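In this text the structure is predicted, and so the values were computed from the model without any measurement. Each chain gets a letter, A, B and so on, in the order the sequences are listed, and its residues count up from 1. Only this structure's heavy atoms are used, side chains among them; waters, hydrogens and symmetry mates stay out.
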2 protein chains.
Amino acid sequence: MAEDTEEAQGSATIARLRRELARGTTELAVLSVLSVRRRYGYELLKVLGQAGEGVLEVKEGTLYPLLHRLEDSGHIVATWEAEGRARPRKYYVITPDGRAYLAMLRTEWGGLVDAMRQLLDTLGEVQP
Amino acid sequence: MAEDTEEAQGSATIARLRRELARGTTELAVLSVLSVRRRYGYELLKVLGQAGEGVLEVKEGTLYPLLHRLEDSGHIVATWEAEGRARPRKYYVITPDGRAYLAMLRTEWGGLVDAMRQLLDTLGEVQP
DNA sequence: ACCCGATGCCTTGCGTGACAAGGTATCGGG
DNA sequence: CCCGATACCTTGTCACGCAAGGCATCGGGT
């Protein structure tokens, strides 16, 4: 019982902490991919799924609302395209506004990574 | 007014985005600091506040519940100490369990940072 | 003929961490 | 004498990630 609980908690914990750590990263990842060329939703799902050994994997329930938020705030623009197929795809293109936002995101991310590295490296040298 | 709104929204956005990016990082930061030596809550507030130019700043409403969660899960242990003063301090010490958890956290964080760096560097070379 | 998985889009409801805002209490300085 | 710093705590709200569901088309296997 105790072992079961611990193991179950361990797995659950690692998934949860991975989710919490990666939080806020999705926007950065999505916009970065879109900064290269336009993509449709399902495509982003696959691209991010295989990037970084699945660390950046995004679920449908996360991606689609995120894309809608980015669209609402003018960072990306969507266009339906049939391309002669029955089921059309919804392509997303990054806007100039989106690029500016992406730059800000990258700066912030860089700052966080630097701060964490400093903290992890200089451990013990910070005085109260 | 428009400027105010834009600036206000810009500030609000950057604050929100910073918060979301740093999410889940607090646990890592706190445990890292505690891995060097014991600290009391208010002390952690100050230490993290000046680390990394304030990027890792934590608010009271975040820290105290976090410390309680870490205590509940056995990653840290608390001891009240008066040290001859009227207002006692609650010192937190990391446990072996906490060290193991910290190691896992660091690994996960490293993986995320690597994945993001790969994505940001190899942009455009990922194929669907 | 039939079903199932992949493609492709979407939504609602829950869990969770960060935080604002509030509370309590002591101590020192202006 | 009051206010800021020290030192602890809690409740309610926000926003994101996701599980789980839904809808529709297409291709291949049996």
For B:Y64 and B:Y42, run side chain to side chain contact (heavy atoms under 4.5 Å, CB included): C-alpha distance rounded to whole Å, both residues' side-chain angles, the deciding distance at 0.1 Å, then the answer.
CA-CA 9 Å; B:Y64 289 119; B:Y42 196 78; 4.2 Å; yes
Go through the steps for A:L31 and A:L70 under the test side chain to side chain contact (heavy atoms under 4.5 Å, CB included), then give the verdict.
CA-CA 9 Å; A:L31 282 178; A:L70 287 173; 4.1 Å; yes
Residue A:Y40, side-chain atoms from C-beta onward, closest of C:dG8, D:dC9, C:dT16:
C:dG8
Which part of the nucleic acid does A:R18 contact within heavy-atom distance under 4.0 Å: base, sugar-phosphate only, or nothing?
nothing
Looking at B:K90, does any N or O in its side chain come under 4.0 Å of the phosphate oxygens OP1/OP2 on D:dC9?
yes
Nucleotide C:dT16, atom P - distance to CG of A:L21 in whole Å
16 Å
Can you list the steps and then say if A:R38 with A:E43 is a salt bridge (Lys or Arg N to Asp or Glu O under 4.0 Å)?
CA-CA 10 Å; A:R38 64 178 207 162; A:E43 194 184 4; over 6 Å; no
Between A:R23 and A:P65, whichever has its closest DNA chain C nucleotide further toward 5' is A:P65
Produce the list of close N/O pairs, under 3.5 Å, pairing protein atoms with atoms of nucleotides 20-27 of chain D; give distances to one decimal.
| from | atom 1 | to | atom 2 | distance (Å) |
| --- | --- | --- | --- | --- |
| D:dT25 | O2 | A:R87 | NE | 3.3 |

What is the distance from CG of A:L63 to P of C:dT11, rounded to the nearest Å?
12 Å
Rounded to whole Å, CG of B:D72 lies from C1' of C:dT16 at a distance of 15 Å
Rounded to whole Å, please give me the gap between CD in B:E81 and P in D:dC8.
12 Å
Length of the line joining A:E57:CD and D:dG17:P, which is rounded to integer Å
13 Å
Please enumerate all protein N or O atoms sitting under 3.5 Å from an N or O of nucleotides 1-4 of chain D, with distances to 0.1 Å.
none

Find which nucleotide of DNA chain D each of B:P88 and A:G24 is nearest to by heavy atoms, and output the residue with the more 5' nucleotide.
B:P88
Whether the B:E27 and B:Y101 side chains hold a donor-acceptor pair (N or O, under 3.5 Å, no angle test) is what I'd like checked.
yes
CG-CZ distance between B:L112 and A:R18, expressed to the nearest 0.5 angstrom:
9.5 Å
Supply the atom-to-atom distance A:R23 CZ to A:T62 OG1, rounded to the nearest 0.5 angstrom.
9.5 Å
Taking OP1 and OP2 of D:dT10, is either one under 4.0 Å from a side-chain nitrogen or oxygen of B:H68?
yes
From the options D:dC16, C:dT11, D:dC8, select the nucleotide whose nearest atom is closest to the side chain of A:Y64.
C:dT11
Between A:L34 and A:V93, is a side chain to side chain contact (heavy atoms under 4.5 Å, CB included) present by the stated rule, with each step listed?
CA-CA 7 Å; A:L34 287 180; A:V93 181; over 6 Å; no
Within less than 4.0 Å of OP1 or OP2 of D:dG17, is there a side-chain N or O belonging to A:T26?
yes
Ignoring the backbone of A:Y42, work out which of D:dC16, C:dT7, C:dA18 is nearest its side chain.
C:dT7
Assess whether side chain to side chain contact (heavy atoms under 4.5 Å, CB included) is satisfied between B:R117 and A:V113, documenting all intermediate values.
CA-CA 10 Å; B:R117 196 181 42 242; A:V113 171; over 6 Å; no
Just how far, in rounded Å, is P of D:dC9 from CG of B:L66?
12 Å
Atom CG of A:L45 and atom C1' of C:dT7 are separated, to the nearest Å, by 11 Å
Please tell me whether B:L63 and B:V77 are part of a single hydrophobic cluster in this structure, the criterion being side-chain heavy atoms less than 4.5 Å apart.
no
Provide the closest heavy-atom pair for B:E71 versus B:Y92 in the form atom of the first, atom of the second, distance.
OE1-CE2, 4.1 Å
Side chain of A:E20, heavy atoms from C-beta onward: which of D:dC8, D:dT10, C:dT16 has the nearest atom to it?
C:dT16
Picking from C:dA20, D:dA15, C:dT7, the nucleotide nearest the side-chain atoms of A:K46 would be C:dT7
State whether B:R69 places a side-chain N or O below 4.0 Å from either non-bridging phosphate oxygen (OP1 or OP2) of C:dG17.
yes
Does B:R16 have a side-chain nitrogen or oxygen under 4.0 Å from the phosphate oxygens OP1 or OP2 of D:dC16?
yes
What distance do B:I14 atom CD1 and B:R19 atom CZ have between them, rounded to the nearest 0.5 Å?
12.5 Å
Taking 4.0 Å as the cut-off, does a side-chain nitrogen or oxygen of B:T62 come that near to OP1 or OP2 on C:dC19?
yes
Rounded to whole angstroms, how far apart are OH on B:Y92 and C1' on D:dC8?
9 Å
